[in-house]
> 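This structure is in structure tokens; I'll ask about it shortly.
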There are 2 protein chains.
Amino acid sequence: MDRQLYEILRGYILEGRIGAGTSLPATRTLAQQLGVGRNTVVAAYDQLLAEGYIEAKPGSGTQVASSLHSQIRPKREHALADAPRLSRRGELMASRPQPPRSPGKINFHPGFPESATFPFSTWARLLARNARRRSDDILGYQSFAGHWRLREAIAEYLAVSRGVNCSPDQVIVVTGAQAALDLIARLLLDGGETVWLEEPGYLGARSALLNGGAKLAALRVHQRGWELGDPGLPPPRMIYVTPSCQWPLGAIMRLDERLQLLAIAERHNAWIIEDDYDGEYRYRGQPVPALRGLDHSQRVIYVGTFGKTLFSSLRIGFLIAPPGLASAFESALSVTGQFAPLLLQATLADFIREGYFATHLKRMRRLYVRRQTDFLALCRRELGTWMDVSENDAGMQILGWLKPPFDDQAIASAALRYGVDVQPVSINYQHDAPRQGLLLGYAGLGDREIVKAVDGLRAAFESVDPGRTSKHGNRGLVPLNKKKLALS
Amino acid sequence: MDRQLYEILRGYILEGRIGAGTSLPATRTLAQQLGVGRNTVVAAYDQLLAEGYIEAKPGSGTQVASSLHSQIRPKREHALADAPRLSRRGELMASRPQPPRSPGKINFHPGFPESATFPFSTWARLLARNARRRSDDILGYQSFAGHWRLREAIAEYLAVSRGVNCSPDQVIVVTGAQAALDLIARLLLDGGETVWLEEPGYLGARSALLNGGAKLAALRVHQRGWELGDPGLPPPRMIYVTPSCQWPLGAIMRLDERLQLLAIAERHNAWIIEDDYDGEYRYRGQPVPALRGLDHSQRVIYVGTFGKTLFSSLRIGFLIAPPGLASAFESALSVTGQFAPLLLQATLADFIREGYFATHLKRMRRLYVRRQTDFLALCRRELGTWMDVSENDAGMQILGWLKPPFDDQAIASAALRYGVDVQPVSINYQHDAPRQGLLLGYAGLGDREIVKAVDGLRAAFESVDPGRTSKHGNRGLVPLNKKKLALS
């Protein structure tokens with residue numbers, strides 16, 4: 001009630017209906033007039049007094065503050081044209097969003113793991129246990145570089161699984177691989193310095209590096225390897241690579257290339273960012289050890305994420321800082337705020353330490369191998385008229401190269417109309433004429449969804465290519481097409 | 001087993017013990033020699049082959065890759081002096097960390113809320129419910145600006161409680177107030193532009209603005225108000241203020257000052273950042289409505305956080321973008337990675353929507369009023385010889401001004417030795433000679449902890465001021481001193 005009265009009086013004053021200097025009724029009088037308790041009026045006046053709307057003058061009661069006289073103006077909404085704009089840097093940052101995803105469609109975007117079989121009940125139990133624990137390591141003191149138990153668990157995991165040796169205090173936990181790239185670019189680059197970026201290459205890295213002021217040079221990559229000897233490349237200050245599973249081509253960097261890359265970095269006194277975004281998923285043999293494990297000159301900054309191994313909205317990633325720079329990264333992080341909630345970090349540490357992570361990875365490797373095989377067979381049968389696919393030893397996506405004259409952005413737009421959200425590969429090219437293809441994130445899609453997704457793609461191809469039909473032609477007889485298309 | 005064999009062979013190759021071009025035994029031979037299954041050897045060779053350590057030559061079996069010849073060098077660790085350094089910008093970023101906190105001490109730092117009575121079992125239940133739900137809004141599609149339900153809940157909450165009207169799509173959810181400040185500085189400032197910052201003022205804002213390239217000008221604040229008419233102030237591009245409870249002085253900005261500030265921003269076409277870091281806590285009357293609610297020209301960017309109302313490691317904060325700029329903020333966020341996990345966001349939305357948040361706030365307001373009263377009485381009795389305190393209508397901390405000649409950094413260092421981690425106020429001054437005082441975050445400390453904390457401070461004062469004793473002198477007889485000091 002006193003809140004209501006306060007709001008009414010405040011509105012009257014702001015709209016100028018009670019002018020500056022006007023005396024307000026005594027509290028007892030107003031209470032009687034309004035039929036409310038005197039305390040209600042006193043509370044409302046107190047609030048207005050505290051905020052400076054009214055003032056109490058000895059001997060003359062309460063008045064609307066005289067200082068408001070010239071300042072209260074009728075309420076109006078300026079058009080936005082009046083308002084200041086983004087900074088030049090802000091325009092740059094805002095102009096390069098990550099590829100958007102369309103809700104309500106089948107998500108064929110690469111990098112989304114299987115979530116149907118993720119052990120959410122275990123996760124929920126560990127979460128709840130940590131939430132109830134009220135321990136000081138989660139609630140009291142904020143360690144900016146991450147929860148110590150998680151940093152230890154990550155260091156152990158990397159040593160065993162990725163051939164990376166580092167101490168837990170080099171592990172800097174952030175809100176995902178993107179945050180790591182952003183932080184690295186800000187801390188290690190000055191404006192105008194040269195960075196080699198793979199061509200084609202990862203858009204998120206491109207954006208983070210450009211926001212950091214980098215001048216980008218194209219380190220060309222083909223299925224057969226990295227063009228490290230390209231004489232057109234200027235001396236680098238930093239080199240960004242995805243050696244375990246090149247984005248988007250899926251190539252794995254050979255040992256001789258790795259050693260050559262390290263030698264180049266040493267010669268130019270340059271940093272290497274090793275983005276190991278899905279190095280855990282390799283289907284023939286063991287995962288390839290990380291570049292970081294070969295590095296004896298402390299130039300490789302390893303970036304990893306749990307978004308692809310657990311679930312994408314977890315938002316926990318990390319970087320391994322060079323030995324002398326961990327505290328610099330921690331300090332910077334305390335200002336950029338890119339830290340993951342300690343509750344989730346402690347839960348993830350438990351999840352790793354208690355063996356759930358390793359079990360989940362093992363299951364996912366088996367699942368993704370099977371899914372890739374099935375998906376390739378389905379693609380070849382249903383989409384072979386328009387697209388070539390080949391198996392990939394690593395990763396969670398398959399690159400489907402379009403046969404000429406198809407345009408991948410046109411196909412992606414058409415696919416969206418048939419309920420499938422898929423990413424064209426051409427957006428990953430910046431310097432060269434792009435090859436046309438689709439990045440097909442099969443790993444997160446179950447058996448029924450994948451059939452629907454391929455059906456949608458087939459319909460998209462047919463809509464763009466009405467003169468041709470699939471080589472099988474007789475759609476009705478192909479069992480996989482029995483299901484209705486998921487029209488948007 | 002195959003992994004082990006792989007590791008051994010890889011080690012031999014990298015150390016040069018098996019030279020480039022050396023033939024490896026046939027798989028069958030090696031399997032017999034080692035007494036393992038042939039499959040084990042095949043798997044290890046496959047892995048080495050895939051990574052380029054060995055090569056298969058038709059007719060001549062398997063050899064260590066010839067390309068490795070010149071590149072394998074004995075393992076050595078370079079000294080860090082060889083490695084590249086931070087960028088100039090990086091040095092700047094790393095040089096201004098947030099004030100560190102010392103684990104294992106009584107945490108007297110301001111801004112930590114009560115956590116003993118936080119309804120963690122409710123929180124855990126809501127968390128687990130959302131974790132088990134496996135819903136697409138949490139797992140499938142990442143909305144960079146935040147979970148829609150939370151953005152709606154924040155917009156509603158702000159309208160009711162803080163007098164701020166905005167639509168949910170202007171609410172940009174980030175990992176805390178610090179991330180919001182960092183993002184705002186990057187998006188809205190270019191290097192060298194002038195920002196007015198309160199003096200004394202919040203260190204985190206100072207760091208974010210300086211990292212953004214701002215040239216800072218001191219907007220002086222006293223207990224009686226903001227010096228908005230200071231003729232020495234250069235035209236601003238942006239103005240950072242904490243009007244609900246000035247950091248660190250605790251002053252509340254009067255209405256006439258608010259209107260004057262808005263007029264100044266309009267005149268200079270400048271942005272205002274309103275950091276409403278604990279605007280919810282006001283103990284006389286209702287919380288003061290936000291500056292943003294008076295703004296008709298879309299210049300005020302409101303920043304809020306749940307770290308002070310729920311618990312500090314939650315890491316969910318938000319900003320209210322001006323109407324035309326919400327999508328720019330969302331795009332930039334997709335590159336900086338400062339987004340809070342959707343699972344926590346959905347849980348927080350439930351916590352607000354189901355009324356737990358309002359109930360918790362109400363309880364905390366009552367608790368903090370009582371704590372402040374008790375704490376002030378304790379301070380005056382135990383520490384009155386050295387420090388002056390006065391009550392504060394708002395916030396979660398009390399400023400204790402030191403009597404001359406005490407130095408607040410010396411007292412804070414001494415306090416740490418007696419088990420109390422407290423923040424000196426002088427670090428918040430950058431231009432003027434700092435006043436000496438301690439920021440006493442009483443809100444998060446229970447009755448027993450607060451007594452221990454005051455005991456520790458008293459011991460710290462006595463250690464620095466051995467000639468004097470507290471005005472009560474007879475320590476043994478004062479009941480509050482019965483408890484042992486919490487020595488570190």
Side-chain angles (χ1 to χ4, degrees), chain A residues 46-47 50-53 67 71 76 78 80 83-84 86-88 90 93-94 97-98 101 103 107 115 120 123-124 127-128 131-132 138-141 175-176 178-179 182 187-190 207 254-256 259 269 285-286 288 297-298 311 313 315 324 328 331-332 334-338 341-342, chain B residues 3 46-47 51-53 67 71 78 80 83-84 86-88 90 93-94 97-98 101 103 107 115 120 123-124 127-128 131-132 138-141 175-176 178-179 182 187-190 207 254-256 259 269 285-286 288 296-298 311 313 315 324 328 331-332 334-338 341-342:
Chain A
D46 273 359
Q47 180 77 8
E51 292 174 20
Y53 288 91
S67 59
Q71 293 168 321
R76 64 196 158 94
H78 285 248
L80 193 68
L86 294 182
S87 63
R88 287 184 302 279
M93 288 178 73
Q98 295 279 70
R101 291 149 212 164
N107 179 12
S115 58
F120 277 109
W123 183 256
L127 258 180
R132 283 197 209 93
I138 293 176
L139 295 173
Y141 286 88
T175 49
Q178 189 63 38
D182 181 63
L187 265 181
L188 301 182
L189 281 183
D190 277 313
S207 302
R254 296 188 314 272
L255 180 65
D256 61 311
L259 295 170
N269 196 28
Q286 297 289 327
V288 180
S297 63
Q298 306 173 357
F311 51 96
S313 68
R315 311 262 32 120
S331 292
S334 77
V335 179
T336 67
Q338 287 153 317
L342 289 171
Chain B
R3 178 78 192 170
D46 273 359
Q47 180 77 8
E51 292 175 21
Y53 288 90
S67 58
Q71 293 168 321
H78 285 248
L80 192 67
L86 295 182
S87 64
R88 287 185 302 279
M93 288 178 74
Q98 295 280 69
R101 291 149 212 165
N107 179 10
S115 57
F120 276 109
W123 183 255
L127 258 180
R132 283 197 208 93
I138 293 176
L139 296 172
Y141 285 87
T175 49
Q178 189 63 39
D182 182 63
L187 265 181
L188 301 182
L189 281 183
D190 277 313
S207 303
R254 296 188 314 270
L255 179 65
D256 62 312
L259 295 171
N269 196 28
Q286 298 288 326
V288 180
H296 300 306
S297 63
Q298 306 173 358
F311 51 95
S313 68
R315 311 263 31 122
S331 293
S334 77
V335 178
T336 68
Q338 287 153 318
L342 289 171

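Lettering follows sequence order; numbering is per chain, from 1.
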> Flag the one option from A:Pro341, A:Ala328, A:Ala179 with the top tally of heavy-atom pairs under 4.5 Å to chain B.
A:Pro341
> Got a sec, which residues hit side chain to side chain contact (heavy atoms under 4.5 Å, CB included) with A:Arg132, two or more places apart in sequence or on another chain?
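Expected list: A:Ala128, B:Ser121, B:Ala124.
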> How long is the span from the CZ atom in A:Phe311 to the CG atom in B:Leu139, to the nearest 0.5 Å?
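Those atoms lie 6.5 Å apart.
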> Answer whether the closest heavy-atom distance between the side chains of A:Thr336 and B:Met93 falls below 4.5 Å.
yes
> As a test of understanding, state which of A:Leu189, A:Asp190, A:Leu187 forms a side-chain contact (heavy atoms from CB on, under 4.5 Å) with B:Leu86.
A:Leu187
> Looking at B:Leu188 and A:Ser87, what are the two nearest heavy atoms and their distance?
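So the minimum-distance heavy-atom pair works out to C-CB, 3.5 Å.
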> With sequence neighbours excluded, what pairs up with A:Thr175 under the side-chain hydrogen bond (donor to acceptor under 3.5 Å, both in side chains) test?
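Scan of A:Thr175 (side-chain hydrogen bond (donor to acceptor under 3.5 Å, both in side chains), adjacent residues dropped) gives none.
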> Between the main-chain N or O of B:Gln338 and the side-chain N or O of A:Gln338, is there a donor-acceptor pair closer than 3.5 Å?
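No: the side chain of A:Gln338 does not pair with the backbone of B:Gln338.
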> Quick one: closest heavy-atom pair of A:Ala131 and B:Trp123, and the distance?
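A:Ala131 and B:Trp123 have their closest heavy atoms at CB-CD1, 4.2 Å.
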> What is the minimum heavy-atom distance between A:Ile138 and B:Ser313, and which atoms define it?
O-OG, 2.6 Å
